Amino acid sequence: IKWLRKLRNGDSASKGIVSAEANSAPIGDNIPQHVAIIMDGNGRWAKARGLPRIAGHHNGMKAVKTVTKAADRIGVKVLTLYAFSTENWKRPKAEVEFLMKLPQEFLSLELGELIENNVQVRMMGKRELLPSYTVAALEEAVRRTKDNTGLILNFALNYGSRDEMVEASRELARQAASGQLDPEAIDEAMFSSKLLSDGLPDPDLLIRTSGELRLSNFMLWQLAYSEFWFTDVYWPSFGEEQLFEAIREYQRRARRYGGL
Ligand SMILES: CCc1cc(N2CCCCCC2)n2ncc(-c3ccc(F)cc3)c2n1
């Protein structure tokens, strides 16, 4: 989108021309580099429509495609999506089985287009407990997109932040105990490098849908300085319009707090 890129690249000639459409899309140089989303409300979305919960999850998967395209379109660099928490194992067996088939289904439908759009797929979480077909689909997508340099689409699956920090602490303690590491050399950068998010910038913006106002053990270390934006919209109904509303609010806050 030429006019959007011109605006983003600060083309002065176009500065004054902001079409009606531009009012809906966040613009300019302050697009959040990393957006993280807790995709909540799929079950309630279905219930409100008299549909089974798995219909909510299935429509939630379509929202993943919509929001990924919208984020890529406006220049977000990293999109982290919380798809399955360690607590989700407590759900009914049939529901977990359905959820565990979604990565494979999503990738069989979308991986070709993701590759065409230079998207790099990453996974953040513990492979243990995940069914082999889920891991296989994920690892194929990661392998086939590892050299892509566009949007990083980072799926948090079977991810728990406290467990992630305990694992990082264990690794550092092992290195110190074996004499490889001087404990005094441990700093925030070294600790961050032991987390599953290693190599990614911290999220600039966290979005949580369906009115829940909790972190639910998600990226507790990485979200230390992030803007939080909450919406009552259920995830399956979350699309480009809601993403842009969140980013415009992020830009408004950045202008206010950025200033003196
Ligand atoms: C493993 C649970 C799960 C649930 C889920 N839902 C259900 C609940 C959350 C809302 C979104 C739809 N999605 N949607 C895409 C994926 C996906 C994961 C990895 C990947 F590489 C490609 C796609 C996904 N995974």
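Since the structure is predicted, the reported quantities are computational estimates derived from the model, not experimental observations. Ligands are counted one by one from 1 in listed order, and the atoms in each one are counted from 1 as well.
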Between Thr134 and ligand 1, which residue portion shows a heavy-atom distance shorter than 4.0 Å: side chain, backbone, both, or neither?
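Neither; no heavy atom under 4.0 Å.
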Between the side chains of Glu167 and Arg170, is the shortest nitrogen-to-carboxylate-oxygen separation below 4.0 Å, so that they form an ion pair?
yes
Nearest-contact summary for [atom] - protein heavy atom, Å:
{"atom": "atom 9 (C) of ligand 1", "result": "Asn42 ND2, 3.6 Å"}
{"atom": "atom 5 (C) of ligand 1", "result": "Leu102 CD1, 3.6 Å"}
{"atom": "atom 3 (C) of ligand 1", "result": "Ala83 CB, 3.7 Å"}
{"atom": "atom 19 (C) of ligand 1", "result": "Phe155 CG, 3.5 Å"}
{"atom": "atom 21 (F) of ligand 1", "result": "Leu138 CD2, 3.1 Å"}

Those atoms of ligand 1 less than 4.0 Å from some heavy atom in [X]:
{"X": "Trp235", "answer": "10 (C), 11 (C)"}
{"X": "Phe106", "answer": "22 (C), 23 (C)"}
{"X": "Leu157", "answer": "1 (C), 18 (C), 19 (C)"}

Mind checking whether His58 and Phe98 have parallel, tilted or perpendicular rings, split at 30° and 60°?
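Geometry flag for Phe98 against His58: tilted rings.
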Run Trp221 and Ser192 through side chain to side chain donor-acceptor pair (under 3.5 Å) and show every step you take.
CA-CA 8 Å; Trp221 169 277; Ser192 291; 2.9 Å; yes
Going through the checks in order, is the side-chain contact (heavy atoms from CB on, under 4.5 Å) test met by Arg208 and Leu213?
CA-CA 7 Å; Arg208 183 162 190 164; Leu213 304 176; over 6 Å; no
Given the rule in the salt bridge (charged side-chain N to carboxylate O under 4.0 Å, His left out) test, do Glu97 and Lys93 qualify, once you have shown the distances and angles that lead to the verdict?
CA-CA 6 Å; Glu97 275 172 8; Lys93 187 168 171 292; 2.8 Å; yes
Check the pair Glu249 / Arg253 against salt bridge (charged side-chain N to carboxylate O under 4.0 Å, His left out), numbers first and verdict last.
CA-CA 6 Å; Glu249 170 58 16; Arg253 293 183 199 174; 2.8 Å; yes
His34: which of Thr80, Asp202, Asn154 passes side-chain hydrogen bond (donor to acceptor under 3.5 Å, both in side chains)
Thr80
